[in-house]
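Remarks on the structure that follows.
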Amino acid sequence: MNKGVITITDAEFETEVLTAEQPVLVYFWASWCGPCQLMSPVINLAAATYSDRLKIVKMEADPNPVAIKQYQVEGLPALRLVRGKELLESVEGVIGKEKLLSLLDQHLNNN
């Protein structure tokens, strides 16, 4: 069964992201964000493709100001690839499937 994308809040951030055993892709989005709707299928594809070695979580920006501030999110959609407390990659704005998969391959295949 596919793990899929897990929706989390600031309260769950440390447990779900910072102490996770594998790298975590954090997807920041908002319901009012049109470009975020374009990213959702790409995020779901990444979750299906990398579920064995990557955890993907999504956080709605407005109700979760702590993580937004901590990861300096200035535009949506935003992606942060995190391993432990280390920020591996930071992307803001819509990126295509190929670019996202390439970015993930670069980090996940160098463990």
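If you read the sequence from its start, that first residue is 1, and numbering goes on from there.
To the nearest 0.5 Å, atoms CG (Leu45) and CE (Met39) are separated by 10.5 Å.
Remark: side-chain polar atoms of Thr7 are not paired, donor with acceptor, to backbone N or O of Lys58 under 3.5 angstrom. Under the 3.5 Å distance criterion, the side-chain polar atoms of Thr19 are matched with a main-chain donor or acceptor of Thr15.
Among pairs with a residue in residues 39-93, none fulfils disulfide (SG to SG under 2.5 Å), at least two apart in sequence or across chains. Every pair passing salt bridge (Lys or Arg N to Asp or Glu O under 4.0 Å) that includes a residue from residues 16-26 is listed here, sequence neighbours excluded: Glu16-Lys55. Among pairs with a residue in residues 43-72, none fulfils disulfide (SG to SG under 2.5 Å), at least two apart in sequence or across chains. Every pair passing ring-ring contact (aromatic ring centres under 6.0 Å, His included) that includes a residue from residues 51-93 is listed here, sequence neighbours excluded: Phe13-Tyr71.
Residues Leu101 and Val42 fail the side-chain proximity criterion, which asks for heavy atoms closer than 4.5 Å. The shortest distance between side-chain heavy atoms of Val24 and Leu18 does not fall below 4.5 Å.
Considering all non-hydrogen atoms of both residues, Pro23 and Leu81 come closest at CB-CD1, 4.4 Å. Minimum heavy-atom separation, Ile56 to Ala47: CD1-N, 3.3 Å. Ala46 and Leu104 make their closest contact through CB-CD1, 3.9 Å (heavy atoms, listed as atom of the first residue, atom of the second, distance). When every heavy atom of Thr49 is checked against every heavy atom of Asp52, the shortest pair comes out as O-OD1, 4.1 Å. For Pro65 against Asp10, the heavy-atom pair with the smallest separation is N-OD2, 3.2 Å.
Listed by chain and residue number, nothing satisfies the salt bridge (Lys or Arg N to Asp or Glu O under 4.0 Å) test with Glu60 (two or more places apart in sequence, or in another chain). Applying the ring pair (Phe, Tyr, Trp, His ring centres under 6.0 Å) criterion to Tyr50, with sequence neighbours excluded, gives no partner residue. Applying the side chain to side chain contact (heavy atoms under 4.5 Å, CB included) criterion to Gln72, with sequence neighbours excluded, gives no partner residue. Every residue two or more places apart in sequence or in another chain that forms a side chain to side chain contact (heavy atoms under 4.5 Å, CB included) with Thr9 is listed here: Ala11, Glu12, Asn64.
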Side-chain donor-acceptor pairs under 3.5 Å in residues 84-96, sequence neighbours left out?
residue	atom	partner	partner atom	Å
Glu89	OE1	His107	NE2	2.7
Ser90	OG	Arg80	NE	3.3
Ser90	OG	Arg80	NH1	3.2
Glu92	OE1	Glu74	N	3.4
Glu92	OE1	Gly75	N	2.7
Glu92	OE2	Glu74	N	3.1
Glu92	OE2	Arg80	NH2	2.7

Ignoring hydrogens and angles, write down the donor-acceptor pairs under 3.5 Å from the side chains of residues 25-38, residues two or more places apart or on other chains.
residue	atom	partner	partner atom	Å
Tyr27	OH	Cys36	O	2.8
Tyr27	OH	Ser40	OG	3.4
Trp32	NE1	Asp62	OD2	2.7

Trace of the side-chain contact (heavy atoms from CB on, under 4.5 Å) decision for Asn109 with Arg53: CA-CA 10 Å; Asn109 292 334; Arg53 55 201 158 127; 2.8 Å; yes

From CA spacing to verdict: side-chain contact (heavy atoms from CB on, under 4.5 Å), Val5, Val57: CA-CA 5 Å; Val5 179; Val57 299; 5.9 Å; no

